[in-house]
Enquirer: 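Sharing a structure here in structure tokens format.
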Number of protein chains: 2
Amino acid sequence: METLAQPLTEIKVILFSLQHHALQVLVHAHDSQSFVSFPSRAIQSDLSLEESAQSCLKLFLPAEEIYLEQLYTYSDSKTRQRQHLISIVYFALLPNNKIDLASEQVAWMQVHEQRHFNDAEKEMLEYALRRLRYKLEYTAVGFELLPETFSLTDLQRTYEIILDEALDKRNFRRRILQANIIEPTHYQKKGEGRPATLYQYRSDAVAEIKTRRLFP
Amino acid sequence: METLAQPLTEIKVILFSLQHHALQVLVHAHDSQSFVSFPSRAIQSDLSLEESAQSCLKLFLPAEEIYLEQLYTYSDSKTRQRQHLISIVYFALLPNNKIDLASEQVAWMQVHEQRHFNDAEKEMLEYALRRLRYKLEYTAVGFELLPETFSLTDLQRTYEIILDEALDKRNFRRRILQANIIEPTHYQKKGEGRPATLYQYRSDAVAEIKTRRLFP
DNA sequence: AGAATAGTGTCTCTCAGACATTATTTG
DNA sequence: CAAATAATGTCTGAGAGACACTATTCT
């Protein structure tokens with residue numbers, strides 16, 4: 001392949017979901033190869049970057065609109081062997097109840113199974129995880145991994161899985177309710193034990209949490 | 001101009017400095033045109049993105065190594081008239097004492113004078129300013145705008161200019177010293193009034209500040 | 001001596017974090 | 001009624017934020 005003056009530019013998406021009490025990531029399997037990668041697609045000139053990222057996922061998922069956020073732009077400049085490749089990477093979250101896949105080319109994989117990624121993708125995944133944890137701690141992004149209504153216990157489990165630590169039930173509830181970002185619905189989740197009130201994200205909520213600044 | 005399949009990809013740098021008690025940004029003046037833009041440069045395949053950004057600044061500044069951080073990647077896809085352009089934007093900070101320019105093509109401009117930018121660049125600048133304020137509040141990035149040694153008053157002025165609010169002297173000092181990111185030197189700043197102890201950034205400092213998490 | 005700037009300590013009030021019991025439902 | 005899960009309140013300690021005076025140097 002000839003080296004062109006301009007680099008090749010692709011969009012890549014790292015899509016997370018929660019399943020089986022673990023954080024999962026969507027991977028693209030390559031025929032007859034042992035490694036996997038994140039879904040990616042050449043840039044489309046008639047779409048915005050975010051639209052390109054959405055369309056990249058639509059190839060594999062029935063879901064309509066997916067929560068997306070630009071993560072970082074990587075370049076593989078140093079590898080002189082190949083065409084210079086620039087990857088604009090997005091980070092995405094999929095609700096629990098929309099995890100069915102529309103293609104055999106992709107699959108869910110636990111984030112801890114990193115052996116199948118190459119080093120560049122491992123780095124991207126690490127960074128995406130850091131961003132996810134960070135966003136989760138300081139904003140209300142956790143809802144994006146749950147269905148429209150959810151119990152406070154569901155929400156707490158989500159945070160516990162991603163942050164990988166146990167949280168105190170009373171403190172968790174106090175703070176998430178004080179933050180005023182969710183509101184109770186009139187629905188209840190039934191099952192074993194006492195039914196739980198289902199909550200929903202307040203559409204008018206200001207999701208950013210006031211944190212402690214270094215300077216007043 | 002023909003529309004190519006692949007977009008054109010450039011690096012753009014928004015460089016800030018402090019001068020005359022105001023935040024300044026480096027702009028590139030275009031001959032016989034009334035608008036200005038941020039320095040930019042086509043991607044170089046043999047350099048990493050950050051190296052490209054550094055080289056983009058070296059055209060105009062004698063300074064060696066400049067503090068840089070990737071800001072965001074923008075695309076102008078919707079404008080069908082022109083070649084599709086992708087801009088990988090970096091955000092940079094220059095110490096006070098290195099603001100001399102090596103080229104007539106560029107100049108410092110107060111960040112509030114936004115009338116000379118086009119809408120896309122205005123948006124980038126807004127975002128860069130938000131990032132700068134954010135970083136300043138939660139990390140120790142403020143030092144990057146000052147010489148290697150500085151007085152606590154210098155530092156406080158820096159924060160006040162960028163955050164655009166007055167800070168309490170005692171609280172500021174207490175917290176910056178507790179954060180353990182700077183240390184006193186044996187030098188003093190002389191001038192009118194009592195001489196000030198000069199401080200320097202601790203090279204081994206962990207610059208990230210522990211903030212108040214939404215969840216424990 | 002006066003002008004200019006550097007440097008310092010305390011109190012209050014809010015909120016993070018630790019912690020155990022009662023309430024409601026199902027089988 | 002036993003098992004399962006939901007829901008709830010209090011106390012303590014740390015730190016944010018408000019606030020005013022003394023110290024050192026220069027002219």
Side-chain angles (χ1 to χ4, degrees), chain A residues 21 133-134 136-140 146-147 149-161 163-200 208-216, chain B residues 21 133-134 136-140 146-147 149-161 163-200 208-216:
Chain A
H21 293 270
R133 295 204 176 98
Y134 189 85
L136 203 69
E137 286 175 339
Y138 302 109
T139 75
L146 291 174
T149 65
F150 47 85
S151 71
L152 290 181
T153 301
D154 290 340
L155 189 60
Q156 187 177 340
R157 294 280 167 275
T158 302
Y159 279 80
E160 287 177 334
I161 289 168
L163 299 179
D164 196 30
E165 55 179 315
L167 303 178
D168 179 82
K169 191 175 191 171
R170 282 164 295 184
N171 292 339
F172 181 85
R173 284 165 188 244
R174 177 177 6 118
R175 284 161 82 177
I176 191 98
L177 291 175
Q178 272 179 5
N180 216 29
I181 44 191
I182 60 174
E183 58 192 6
T185 66
H186 295 298
Y187 299 99
Q188 293 207 318
K189 180 181 187 175
K190 296 224 168 190
E192 241 185 337
R194 175 173 169 178
T197 300
L198 290 176
Y199 286 77
Q200 65 189 3
E208 297 293 329
I209 305 310
K210 40 272 156 216
T211 54
R212 178 182 297 165
R213 300 197 304 174
L214 175 53
F215 303 101
Chain B
H21 292 269
R133 295 202 177 100
Y134 188 86
L136 203 69
E137 286 175 339
Y138 302 109
T139 75
L146 290 175
T149 65
F150 47 85
S151 71
L152 291 180
T153 302
D154 290 340
L155 189 60
Q156 185 176 343
R157 294 281 167 275
T158 302
Y159 280 81
E160 288 177 334
I161 290 168
L163 299 178
D164 195 30
E165 55 180 313
L167 302 178
D168 179 82
K169 191 177 190 172
R170 281 164 295 184
N171 293 339
F172 181 85
R173 283 166 187 243
R174 175 175 10 114
R175 284 162 82 178
I176 190 98
L177 292 175
Q178 272 178 5
N180 216 28
I181 44 190
I182 61 173
E183 57 190 10
T185 66
H186 295 297
Y187 300 99
Q188 294 206 317
K189 180 182 188 176
K190 297 224 169 189
E192 236 186 342
R194 175 173 170 179
T197 299
L198 290 176
Y199 286 77
Q200 65 189 3
E208 297 294 328
I209 304 310
K210 38 279 158 209
T211 54
R212 180 182 296 166
R213 301 195 303 171
L214 176 52
F215 304 100

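These numbers come from a predicted model, not from an experiment. Values reported hereafter were calculated over all heavy atoms of this structure, with side chains retained and with hydrogens, waters and symmetry mates removed. In what follows, chains are A, B, ... by sequence order, proteins preceding strands, each numbered from 1.
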Enquirer: So which protein N/O to nucleotides 7-9 of chain C N/O distances come out below 3.5 Å?
Expert:
| from | atom 1 | to | atom 2 | distance (Å) |
| --- | --- | --- | --- | --- |
| dG7(C) | OP1 | T197(B) | N | 2.9 |
| dG7(C) | OP1 | T197(B) | OG1 | 2.9 |
| dG7(C) | OP2 | R173(B) | NH1 | 3.2 |
| dG7(C) | N7 | K169(B) | NZ | 3.0 |

Enquirer: My understanding is that only residues two or more places apart in sequence, or in another chain, count here; which of them pass salt bridge (Lys or Arg N to Asp or Glu O under 4.0 Å) with R174(B)?
Expert: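 R174(B): no salt bridge (Lys or Arg N to Asp or Glu O under 4.0 Å) contacts found.
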Enquirer: Rounding to a whole Å, what distance do you find between E192(A):CD and dG27(C):C1'?
Expert: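 Between C1' of dG27(C) and CD of E192(A): 9 Å.
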Enquirer: State which residues pass ring-ring contact (aromatic ring centres under 6.0 Å, His included) with F150(B); sequence neighbours excluded, sorted by chain then number.
Expert: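 Applying ring-ring contact (aromatic ring centres under 6.0 Å, His included) to F150(B) gives F143(B).
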Enquirer: Within this structure, what is the NE2-OG1 distance for the pair H186(A) and T197(A), rounded to the nearest 0.5 Å?
Expert: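 Here the rounded value is 10.5 Å.
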Enquirer: Between atom CD in Q156(A) and atom P in dT5(D), what is the gap in whole Å?
Expert: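 From Q156(A) CD to dT5(D) P: 14 Å.
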Enquirer: Starting at atom CG of L155(A), determine the distance to atom C1' of dA6(D), rounded to an integer number of angstrom.
Expert: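 The answer, rounded to whole Å, is 15 Å.
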Enquirer: Specify the separation, in whole Å, of atom NZ of K190(B) and atom C1' of dT27(D).
Expert: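 Whole-Å distance recorded here is 14 Å.
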Enquirer: Tell me the interatomic distance from I176(A), atom CD1, to dA16(C), atom P, rounded to whole angstroms.
Expert: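 Result: 13 Å.
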Enquirer: Starting at atom NZ of K189(A), determine the distance to atom P of dT26(C), rounded to an integer number of angstrom.
Expert: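 Atom-to-atom, K189(A) to dT26(C), this comes out as 15 Å.
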Enquirer: Can you list, pair by pair, the side-chain donor-acceptor contacts under 3.5 Å of residues 188-195 of chain B, counting residues two or more places apart and other chains?
Expert:
| from | atom 1 | to | atom 2 | distance (Å) |
| --- | --- | --- | --- | --- |
| K189(B) | NZ | D154(B) | OD1 | 2.9 |
| K189(B) | NZ | D154(B) | OD2 | 3.3 |

Enquirer: Let me know the distance between CZ of F150(A) and P of dA6(D), rounded to the nearest Å.
Expert: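 So the CZ-P distance, F150(A) to dA6(D), works out to 14 Å.
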Enquirer: T185(A): what forms a side-chain hydrogen bond (donor to acceptor under 3.5 Å, both in side chains) with it, not counting sequence neighbours?
Expert: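 In terms of side-chain hydrogen bond (donor to acceptor under 3.5 Å, both in side chains), with neighbours along the sequence ignored, T185(A) is linked to no residue.
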Enquirer: Which residues pass the salt bridge (Lys or Arg N to Asp or Glu O under 4.0 Å) test with R170(A), sequence neighbours left out?
Expert: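 Salt bridge (Lys or Arg N to Asp or Glu O under 4.0 Å) check on R170(A) returns nothing, list empty.
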